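These numbers come from a predicted model, not from an experiment.
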Amino acid sequence: MEQYAQLCDYLAVVGAATVPGFVNDLVGTLTSTIGASDDQIKFLLEVFACFPIGLIWKAIPSPTLKHIFSILTSIWLCNFMVSYQWIHTVFFAVFTYLLLAILGPSKGRYAVFIFAFTYLSILHIYRMTNDYMGWKFDVTTQIMVFVQRVTAFAFNYYDGTVNPSPREMPDKGFFEKTNAVTKLPGLLPFLGWMFMPAVFPMGPFIEFNHFMKVVKKELVPPTSSFIPAMKCLLVGVFFLGVNQVGTPMFNILNLRSAEFLAANTPMYIYFYMVIGAFFLRTQYYFGFKIAEGAALVSGLGYAGLDAKGNPKWDACTGVDILSFETPTSYSMASAAWNIQTSVWLKRYVYFRAPRGNIALYSTYAVSAFWHGFYPGYYLFFITIAFATDVHRRIQVLISPYFDKPVLRQFYHVLSVLATLCTIHYFVAPFYVLDAALTWQLFSYMGFFIHYIVFGAFVILYIWGKIAPPARAPRAAPVATNADKTK
């Protein structure tokens, strides 16, 4: 451990020397002017820098030079953001590659999955121990992105070499054949993909085959991606402005305060929660759209042509804002939020787990495990999985009665209202984080939505036993654009 500490100290000193003085001066000026922490300012500078970096990467003609540029640039970006901690990204990527090279695809896919989540878990625990409920950036964010990539690659390598019958379900966004990796690539292209700089700071998740097709110029869109990228940039900056205006008025962290809760009525707390959660989401909308724009400007994200012959740019879409703000179900909201993470969970957990509720709960469990070990994550995912089960029972037992056009529209409106009224209540543990503080919050509100949803479950369970539906249920509305991303 002493040698490791000495190595980290040495890397921190060397890394600091690579950051130009004017950059440090800019960080200091913005920190004092805006009032944000230095790590937040560094993150903002880093994500905006991904746009010109992406243009440079796109202009490099040689695949080999692209990969070298990716590795060196991303290591520097990580050094700028979290100092010597970049060493974790290099070790993590190289070690998972060696696992697959030594163990092969059959055993390697499980070994990579276990190693990746074990490594990430250690970082989560270290972060909780040293900065409990804090928001300071560290290398955990990059490793979370890396976990998605290496686990997906391990299963794709298995599908391309050992899997006797890889499946292809385009209507469900599941592509074992399309994403199959037929042989283990060299270490350099593997690392070039892992460290692709435009999507290094916070994603989004991209498939290895998609990346390599762009590198080899096998996936060339008919029009430039510059305009779609700039649209993402503008949307991201807009929501950053909304966040800066709204958050001081509705700071969601007030919901952790017993004094705030005691001074207000349950309904005031509820509506404060709903509004505050919206302004909290705007900072994620900023991050998702900026990351998507950086990917597009690099040449990633092209997903073929639509029915009208227009290019689709949704292979790196991070969020469908309209669908998330007006969902008809928890599944639709989940599919619209952090889309590429949802794609990863669907392709490498949900469709590979046993069918039924086991797949549902397994997916939510892996998602919670990926996010970390704060109790709030598990309270949220368990509750939302239960609420999703209630919604499915409604689809089976109640929706068939809304079979006329007018009634279907009425059912659609009711579904949106019911989802909006409950989902922002159930998501509270996700940002409150602590179990005791979450219990305190819901106690002040009387657990009223918990009782409503549980009561609905009891009624629907009894109804399903004594009066099963005579007609097939109407299919639940789902967000399909992201689901069809290759």
Could you walk me through whether D159 and R352 satisfy the salt bridge (charged side-chain N to carboxylate O under 4.0 Å, His left out) test, starting with their C-alpha distance in whole Å, then the side-chain angles of each, then the deciding distance to 0.1 Å, before giving a yes or no? CA-CA 12 Å; D159 291 335; R352 296 174 190 263; 2.9 Å; yes

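- A centroid separation of 6.0 Å or more is found between the aromatic rings of H412 and F402.
- Listed for the N243 side chain is no donor-acceptor partner under 3.5 Å among the backbone atoms of F239.
- To the nearest 0.5 Å, atoms CD (Q244) and OG1 (T282) are separated by 8.5 Å.
- Remark: the Q440 side chain and the S443 side chain contain no N/O donor-acceptor pair separated by less than 3.5 Å.
- Taking all atoms of both residues into account, the shortest heavy-atom contact from P429 to T438 is CG-CG2, 3.6 Å.
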Checking ring pair (Phe, Tyr, Trp, His ring centres under 6.0 Å) for the pair F448/F442: CA distance, chi angles, key distance, verdict? CA-CA 8 Å; F448 75 103; F442 286 140; 9.3 Å; no

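- In this structure the side chain of Y401 never reaches within 4.5 angstrom of the side chain of L407, judged on heavy atoms.
- Taking the six-membered ring for Trp, F113 and F117 have ring centres closer than 6.0 Å.
- Side-chain rings of Y272 and F260 approach one another, their centers coming within less than 6.0 Å.
- Under the 4.5 Å side-chain criterion, counting only non-hydrogen atoms from C-beta, Q283 is not in contact with L240.
- Distance alone, capped at 3.5 Å, places no donor-acceptor pair between the S334 side chain and the Y330 backbone.
- A heavy-atom distance below 4.5 Å is found between the side chains of M133 and L437.
- The minimum heavy-atom distance linking I423 with I384 is given by the pair CG1-CD1, 4.2 Å.
- In terms of heavy-atom proximity, A154 sits nearest to R109 at CB-CA, 3.6 Å.
- Here the two rings, on Y374 and Y132, have centers that are under 6.0 Å apart.
- Of all heavy-atom pairs between L123 and T140, the closest is CB-OG1, 3.8 Å.
- Counting only distance, with no hydrogens or angles, the side chain of T96 and the backbone of A93 share a donor-acceptor pair below 3.5 Å.
- Around the NZ atom of K213, the shell of radius 6.0 Å holds no more than 12 heavy atoms that belong to other residues, nucleotides or ligands.
- A distance-only check finds a donor-acceptor pair linking the side chain of D306 to the backbone of N310 [under 3.5 Å].
- The aromatic rings of F153 and W193 lie tilted to each other, with the angle between the two planes from 30° to 60°.
- Panel note: side chain Y270, backbone C421; a donor-acceptor pair is recorded below 3.5 Å.
- Looking at S224, its side chain does come within 3.5 Å of a backbone N or O of F226 through a donor-acceptor pair.
- Using a 4.0 Å cut-off between charged side-chain N and carboxylate O, R256 and D434 make no salt bridge.
- Looking at heavy atoms from C-beta onward, L460 lies out of side-chain contact with V396 at the 4.5 angstrom threshold.
- If you check the side chains of Y158 and E176, you find no donor sitting under 3.5 Å from an acceptor.
- Once rounded to the nearest 0.5 Å, the distance linking CG of L44 with CD1 of I290 reads 9.0 Å.
- There is a side-chain donor-acceptor pair under 3.5 Å between S70 and W57.
- Panel note: side chain R127, backbone K136; a donor-acceptor pair is recorded below 3.5 Å.
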side-chain contact (heavy atoms from CB on, under 4.5 Å) between K346 and T363, worked out: CA-CA 8 Å; K346 178 172 61 179; T363 303; over 6 Å; no

After noting the C-alpha distance and the side-chain angles of S323 and D320, does the key distance pass the side-chain hydrogen bond (donor to acceptor under 3.5 Å, both in side chains) rule? CA-CA 6 Å; S323 293; D320 183 340; 2.8 Å; yes

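- Between F278 and H424, the distance separating the two ring centers is not shorter than 6.0 angstrom.
- Close placement of the F195 and F146 rings is indicated, their centers lying within 6.0 Å of each other.
- Between the side chain of Q409 and the backbone N or O of V406 there is no donor-acceptor pair closer than 3.5 Å.
- Side-chain N or O atoms of S298 include one that pairs as donor or acceptor with a backbone N or O of A294 at under 3.5 Å.
- Among W370, W344, Y348, the one residue that satisfies the side-chain hydrogen bond (donor to acceptor under 3.5 Å, both in side chains) test with T151 is W344.
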Report the C-alpha separation of E207 and R149 in whole Å, then their side-chain angles, then the decisive distance to 0.1 Å, and conclude whether the salt bridge (charged side-chain N to carboxylate O under 4.0 Å, His left out) test is met. CA-CA 7 Å; E207 296 282 5; R149 292 182 191 169; over 6 Å; no

Between V237 and F48, is the side-chain contact (heavy atoms from CB on, under 4.5 Å) condition met? List the steps. CA-CA 10 Å; V237 171; F48 281 121; 4.1 Å; yes

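- Judged by distance alone, with hydrogens and angles left aside, the side-chain atoms of S367 form no donor-acceptor pair with the main-chain N or O of Y364 at under 3.5 Å.
- The aromatic rings of H450 and F426 stand perpendicular to each other, their planes meeting at an angle above 60°, with 30° marking the opposite boundary.
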Evaluate the ring pair (Phe, Tyr, Trp, His ring centres under 6.0 Å) criterion for residues Y378 and F369: first the C-alpha distance (whole Å), next the side-chain angles of each, then the deciding distance (0.1 Å), finally the verdict. CA-CA 8 Å; Y378 296 86; F369 200 58; 7.4 Å; no

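- For the residue pair N338 and T341, a side-chain donor N or O sits within less than 3.5 Å of a side-chain acceptor on the partner.
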Could you give me the CA-CA distance, side-chain angles and deciding distance for F155 and V112, then say whether side-chain contact (heavy atoms from CB on, under 4.5 Å) is met? CA-CA 9 Å; F155 278 98; V112 166; over 6 Å; no

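- Shortest non-hydrogen contact noted between A258 and Y444 is O-OH, 4.0 Å.
- Ring geometry for Y451 against F447 counts as perpendicular: the plane angle is over 60°, on a 0 to 90° scale with 30° as the lower cut.
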Mind running side-chain contact (heavy atoms from CB on, under 4.5 Å) on D389 and F457 for me, showing each step along the way? CA-CA 8 Å; D389 181 53; F457 171 79; 3.7 Å; yes

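- Residues T247 and I252 form no side-chain contact, since every pair of their non-hydrogen atoms from C-beta on lies 4.5 Å or further apart.
- Under the 4.5 Å side-chain criterion, counting only non-hydrogen atoms from C-beta, F381 is not in contact with Y361.
- Residues F286 and F238 keep their aromatic ring centres 6.0 Å or farther apart.
- Counting all heavy atoms, side chain and backbone alike, S331 lies closest to T388 at OG-CG2, 3.8 Å.
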Would F373 and Y377 count as a ring pair (Phe, Tyr, Trp, His ring centres under 6.0 Å) if you check the C-alpha gap in whole Å, the side-chain angles of each, and the deciding distance to 0.1 Å? CA-CA 7 Å; F373 296 106; Y377 296 150; 9.2 Å; no

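- At a threshold of 4.5 Å between non-hydrogen side-chain atoms, the residues W313 and P221 count as touching.
- Using cut-offs of 30° and 60° for the angle between ring planes, the W337 and F324 rings count as tilted.
- Between N209 and N156, the closest side-chain pair of non-hydrogen atoms is not below 4.5 Å.
- Paired with H88 under the rule side chain to side chain contact (heavy atoms under 4.5 Å, CB included), one option of V139, I122, V82 passes, and it is V139.
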